[in-house]
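Report on the structure given below.
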Amino acid sequence: MSKLGIIGAMEQEITALKEAMEVQTVTTKANMDFYDGLLEGMPVVVVRSGIGKVNAAVCVQILADIFNVTHIINTGIAGSLNANLEIGDILISEQAIQHDVDATIFGYAPGQIPGFSSREFTADSSMAEIASAACSRANPDVHVLKGRVVSGDQFISNAAVKQHLITEFQGDCAEMEGASIAQAATLNELPFIIIRAISDKADGSAQMDYPTFELQAAEHCAKMVCEFVKSFQA
């Protein structure tokens, strides 16, 4: 039977999911609380990883080793890099790249991690299709798009940096965990998707927009994940 590992970086990204699930056990590992139980009747583990790439990757490894999950969903919020993604919209990953990796002096492409043949980590296409349809049902007024997540240990709030991420990586949204979750899931041969609700425009307005819209964006993601679970096990 499938078992979903559902990761949010911050508490507000998983609160609604914890409230919606039937929690059977809570296990603390690496200062993370893993809520193991049922969501819409399906086995899941919901966890707050904490912010940043290292926290996120450690979280995936624990889900793989201790909880034997079969699929990974990373839900949360992000800044828009795509003019077609407005605040409140949702992006579903097709690929993910770590924009702060630079081994170009050794002949690698920007963002490419030595030892990997590509700089992109590819999300599971069937999960992405289910997620897209689930979003349309759960959030009918929300625009949903598939695209590319770029991740790094930076909060993007500068127009020049934003333009670099668009030009160099063709990113659609920027955040701080998704691509490291993608890497860890890939290493463990776990299908994954990244779901991001847009909370800001990743430019000079980001510091003002983010606190205003983060709760709304997290709510959209939570509703979508619940609807995804219903469809995934159907």
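Please read all numbers here as calculations on a predicted model, not as lab measurements.
Using cut-offs of 30° and 60° for the angle between ring planes, the F169 and H164 rings count as perpendicular.
Between K146 and A128, the shortest heavy-atom contact is CE-O, 4.0 Å. Heavy-atom minimum distance, L91 versus C173: CD2-SG, 3.6 Å. The shortest non-hydrogen separation linking D172 to G147 is OD2-CA, 3.2 Å. The two residues A185 and V60 come nearest to each other via the heavy atoms N-CG1, 3.8 Å. The shortest non-hydrogen separation linking A134 to E227 is O-CG, 3.5 Å.
If you take CD1 on I166 and OG on S80, they are separated by 7.5 Å, rounding to the nearest 0.5 Å. Atoms CD1 and CZ, on I181 and F192 in that order, are 9.5 Å from each other to the nearest 0.5 Å.
In this structure, F121 has its ring center closer than 6.0 angstrom to the ring center of F116.
In the displayed structure, Q24 atom CD is contacted under 6.0 Å by more than 12 heavy atoms of other residues, nucleotides or ligands. Within a 6.0 Å radius of NZ in K29, other residues, nucleotides and ligands contribute 12 heavy atoms or fewer.
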With a 3.5 Å cut-off and sequence neighbours excluded, list the donor-acceptor pairs that the side chains of residues 39-56 form with protein atoms.
{"residue": "K53", "atom": "NZ", "partner": "Q98", "partner atom": "OE1", "Å": "2.7"}
{"residue": "K53", "atom": "NZ", "partner": "D100", "partner atom": "OD1", "Å": "2.7"}
{"residue": "N55", "atom": "ND2", "partner": "I51", "partner atom": "O", "Å": "2.9"}

For this session: Dump the intermediate steps for salt bridge (charged side-chain N to carboxylate O under 4.0 Å, His left out) on E94 and R148, then the final yes or no.
Result: CA-CA 6 Å; E94 292 180 316; R148 178 172 291 184; over 6 Å; no
For this session: Before giving the answer on side chain to side chain contact (heavy atoms under 4.5 Å, CB included), spell out for V101 and Y108 the whole-Å C-alpha distance, their side-chain angles and the decisive distance to 0.1 Å.
Result: CA-CA 10 Å; V101 171; Y108 294 96; over 6 Å; no
For this session: Might you work through the side chain to side chain donor-acceptor pair (under 3.5 Å) test for N74 and E177, ending with a clear yes or no?
Result: CA-CA 9 Å; N74 178 212; E177 295 85 27; 5.8 Å; no
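The pair R196-E13 fails the salt-bridge criterion, with no side-chain N (NZ, NE, NH1 or NH2) lying under 4.0 Å from an Asp/Glu carboxylate O.
In this view, H143 and D89 satisfy the side-chain hydrogen bond (donor to acceptor under 3.5 Å, both in side chains) rule, not counting sequence neighbours. Evaluation of the side chain to side chain contact (heavy atoms under 4.5 Å, CB included) rule for V26 yields V23, D33, Y35 as partners, not counting sequence neighbours.
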